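The first residue of the sequence shown is numbered 1, and numbering continues consecutively from there. Below, each value reflects all heavy atoms present in this structure, side chains not excepted, and no hydrogens, waters or symmetry copies. The model shown is predicted, which means the values in this text are computed figures rather than measured ones.
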Amino acid sequence: MAAHKNTATAPDATCHRALGSDDYALARVPREERLGFWTMLLQWLAQSGSISQFTLGATIGVGMSFGNAFLAFTLGAVILEVVIFAIGLAGMREGLATPLLTRWVGFGRNGSALVSLVISISLVGWFGVQNTIFGNSVSALVGGPSWLWCVVAGLAITVLVVFGFRYMAVFAKIVTPLFFAMVAWSVTDALSKHSISDLIHSPAPGPAIPLSVAATAIAGGFMTGAIVAPEMTRYNRKGAHVFVQSASSMILSEYVVGLTGVLLGHLVGSNQVSQIVLSTSGVFGVLVVLMSTAKINDWNLYGSSLGVVNFFQVVFRKRLRRGAVTIVLGLAGTLLSAVGIMTHFTDFLSVLGVAIPPVGGIIVAEYWVVRRMRGPLDATREAQTLPSTSPVWVPMSLVIWAAAFCVGKFYDGGVPALNSLLTAFVLYCVLGLAGWVRTYGTTTLDDEPADGTGQSPTITGTAPVGAS
């Protein structure tokens, strides 16, 4: 597509003549294409609007006092915000999504393909799982076979994601205010019949939940979303916007939605609180809730499509259309959810959930601390192009990734997702600054060899990362 190797940023306008929008899947998002503060804020807030967050709050509320639950949500929110801002700010500065960013930040070209594969499988898997939950919920509420609702929801989300970020932003503008207005009405109606003070000071109605377990559920549950924050923040104009918008989302999600769920859990003595939210809102309320669920799930499919595009360019040296990839992934996730297979993969997806945080730790360590691989990004940032070359491998990063995964998976203390992230961050900082993290080889950015033979790109040289 791109005639010049240093402008793999072929004008996105050409994407609109193809299927959907390519959304700069293999390029920097140009400054003139960045979106305003309020548009991006609604995108962030849309990620907070979910019945599942009320259920999480209620689950914690059943086993914790309100004060302890407040502490747990605070720990979770702080952890997530630090990770989101550190990674999201890098995505905003460079205008790059996580899979492409990792070519020059910690992993090299081939390593970025592995990162892309893990992220894509995880996100499309959760797309299918969430779609299954969606279909089962609608079937229970309004009748009809759950598989049919899975198909309807999956196809609708796929169509939305095909057309890209701007259409997803428009959808967020519609759904987000409606969701929170409806929830406020329903919850206020339910809680107005009881003393809020009594609910706040009441003991936990169920078996006690340790603080570490609650913090794990809160922080670990959204850690993958934090690692792929650049998929959204690359459309931001300012770093301050990234902080304010992500922090606003954390406040709304954890302190407003989550702690309201805690009060509802104290009220009913279980985590079955969705009916409280839906009972006073009628058919319109059910529709809004379903739309808000779709608004969250579209990001799973969107992030997965970006990862697959990068994977295929690196491994097969083919530039795929993001819209076409979205259709394939959406149909696959929809089909698997409709036949009820996806729920059997939740354990596997949970393992991937521990494998992804170390990627964030390595990105943060390289981009903000070690700062040796990112030089080509610094040199091309002003021109809004990509570097003409990238490292091929960074083997030590893969070793650090594996070690951090083992810590997160097999160490029982603390928050697994946070344990793996911090392990990767510390190891990379120490080894990188000591000059032990080295890049191996250099490859050009071209999509395919100029002679069309399909030969591998030229690989030359070895360079230390962190050496002066």
Which donor-acceptor pairs under 3.5 Å do the side chains of residues 405-418 make with protein atoms, sequence neighbours left out?
none

Which atom pairs, one a donor and one an acceptor, fall under 3.5 Å between side chains of residues 220-232 and the rest of the protein, sequence neighbours left out?
from, atom 1, to, atom 2, distance (Å)
Glu231, OE1, Thr98, N, 3.3
Glu231, OE1, Thr98, OG1, 3.2

Review item, side-chain donor-acceptor pairs of residues 73-84, under 3.5 Å, at least two apart:
from, atom 1, to, atom 2, distance (Å)
Thr74, OG1, Phe70, O, 2.8
Thr74, OG1, Tyr255, OH, 2.8
Glu81, OE1, Ser246, OG, 3.2
Glu81, OE1, Ala247, N, 3.4
Glu81, OE2, Ser246, OG, 2.8

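Atom-to-atom distance recorded for Arg321:CZ and Asp22:CG is 4.0 Å, nearest 0.5 angstrom. Rounding to the nearest 0.5 Å gives a distance of 9.5 Å between CD1 of Ile200 and CG of Asp198. In this structure, OG in Ser397 is found 4.5 Å from OH in Tyr428, a value given to the nearest 0.5 Å. Atom CZ of Arg371 sits about 10.0 Å away from atom CG of Leu433, to the nearest 0.5 Å. Considering CG of Leu267 and CD1 of Ile196, their distance stands at 8.5 Å, rounded to 0.5 Å. Note that CZ of Phe312 is 10.0 Å distant from OG of Ser120, once rounded to the nearest 0.5 Å.
In plain terms, the two heavy atoms of Val354 and Pro357 that are nearest each other are O-CD, 3.4 Å. Considering every non-hydrogen atom in both Asn131 and Gly154, the closest pair reads OD1-N, 3.4 Å. In terms of heavy-atom proximity, Thr132 sits nearest to Cys150 at CA-SG, 3.9 Å. When all heavy atoms are compared, the tightest approach of Ala25 to Val309 is CB-CG1, 3.9 Å. Heavy-atom minimum distance, Ala90 versus Trp368: N-CZ2, 4.0 Å. Looking at every heavy atom in both residues, Thr326 comes nearest to Ser305 through OG1-CB, 3.4 Å.
A side-chain contact (heavy atoms from CB on, under 4.5 Å) with Leu301 holds for exactly one of Val162, Val161, Thr334; it is Val161. Of the residues Gln245, Arg93, His241, Gln43, the one that meets the side chain to side chain donor-acceptor pair (under 3.5 Å) test with Asn236 is Gln245.
Counting only distance, with no hydrogens or angles, the side chain of Arg234 and the backbone of Tyr24 share a donor-acceptor pair below 3.5 Å. Of the possible polar contacts, none joining the Trp104 side chain to the Met373 backbone as a donor-acceptor pair under 3.5 Å is found. Under the 3.5 Å distance criterion, the side-chain polar atoms of His266 are left unmatched by any main-chain donor or acceptor of Pro205. Side chain of Thr102 to main chain of Val105: no donor-acceptor pair is present (N/O by atom type, distance under 3.5 Å, no hydrogens or angles). Of the possible donor and acceptor atoms, none in the side chain of Ser304 sits under 3.5 Å from a partner among the backbone N and O of Asn300. No donor-acceptor pair under 3.5 Å is formed between the side chain of Gln384 and the backbone N or O of Arg28. Using a distance-only test at 3.5 Å, with no hydrogens or angles considered, no donor-acceptor pair links the side chain of Ser146 to the main chain of Gly135.
Between Thr176 and Lys295, the side chains place no donor N or O within less than 3.5 Å of an acceptor N or O (distance only, hydrogens not considered).
The closest side-chain heavy-atom distance from Lys238 to Val242 is not below 4.5 Å. Considering only heavy atoms from C-beta on, Met64 comes within 4.5 Å of Leu211 through its side chain. Side chains of Ser248 and Leu252 form no contact here, defined as non-hydrogen atoms less than 4.5 Å apart. Residues Leu331 and Leu155 have side chains in contact (heavy-atom distance under 4.5 Å, counting atoms from C-beta outward). Side chains of Val314 and Arg103 form a contact here, defined as non-hydrogen atoms less than 4.5 Å apart. Inter-residue side-chain proximity for Ser116 and Val308 is flagged as unmet; no heavy-atom pair is nearer than 4.5 Å. Contact of the Trp147 side chain with the Val339 side chain is not registered, since no non-hydrogen atoms from C-beta on lie closer than 4.5 Å. Between Thr423 and Pro358 the shortest side-chain heavy-atom distance does not fall below 4.5 Å.
By the side-chain hydrogen bond (donor to acceptor under 3.5 Å, both in side chains) test, Arg34 is found to be paired with no residue, residues two or more places apart in sequence or in another chain being considered. Shown here are the salt bridge (Lys or Arg N to Asp or Glu O under 4.0 Å) partners of Arg166, two or more places apart in sequence or in another chain: Glu33. Residues satisfying the ring pair (Phe, Tyr, Trp, His ring centres under 6.0 Å) criterion with Trp299, sequence neighbours excluded, are Phe165, Tyr302. With sequence neighbours excluded, the residues satisfying side-chain contact (heavy atoms from CB on, under 4.5 Å) with Leu160 are Tyr167, Met168, Phe171, Asp298. Legend: residues meeting ring pair (Phe, Tyr, Trp, His ring centres under 6.0 Å) with Trp401, ordered by chain and number and at least two apart, are Phe107. Taking the ring pair (Phe, Tyr, Trp, His ring centres under 6.0 Å) definition, one finds that Phe180 meets it with nothing, sequence neighbours left out. Not counting sequence neighbours, the partners of Ser249 by the side-chain contact (heavy atoms from CB on, under 4.5 Å) test are Trp44, Ser48. Among residues two or more places apart in sequence or in another chain, the side-chain contact (heavy atoms from CB on, under 4.5 Å) test is passed with Leu352 by Val118, Ile121, Ser122, Phe348, Leu349.
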Exercise. Stepwise, does the side-chain contact (heavy atoms from CB on, under 4.5 Å) test hold for Ser112 with Leu100?
Worked result: CA-CA 7 Å; Ser112 78; Leu100 195 56; over 6 Å; no

Exercise. Between Ser139 and Trp149, does a side-chain contact (heavy atoms from CB on, under 4.5 Å) hold up when you go through it step by step?
Worked result: CA-CA 7 Å; Ser139 177; Trp149 294 115; 4.2 Å; yes

Problem set entry | Leu377 and Leu96: CA distance, side-chain angles, deciding distance, side-chain contact (heavy atoms from CB on, under 4.5 Å) verdict | CA-CA 10 Å; Leu377 290 177; Leu96 297 175; 4.0 Å; yes

Exercise. When you look at Ser337 and Val129, which way does the side-chain contact (heavy atoms from CB on, under 4.5 Å) test go after all the steps?
Worked result: CA-CA 7 Å; Ser337 65; Val129 170; over 6 Å; no

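In this structure, Arg374 does not pair ionically with Glu366, as no charged nitrogen and carboxylate oxygen lie closer than 4.0 Å. Salt bridge status for Glu94 with Arg381: present, with a side-chain N to carboxylate O gap under 4.0 Å.
Within the structure, the ring-ring contact (aromatic ring centres under 6.0 Å, His included) test picks out no pair touching residues 192-220 (sequence neighbours left out).
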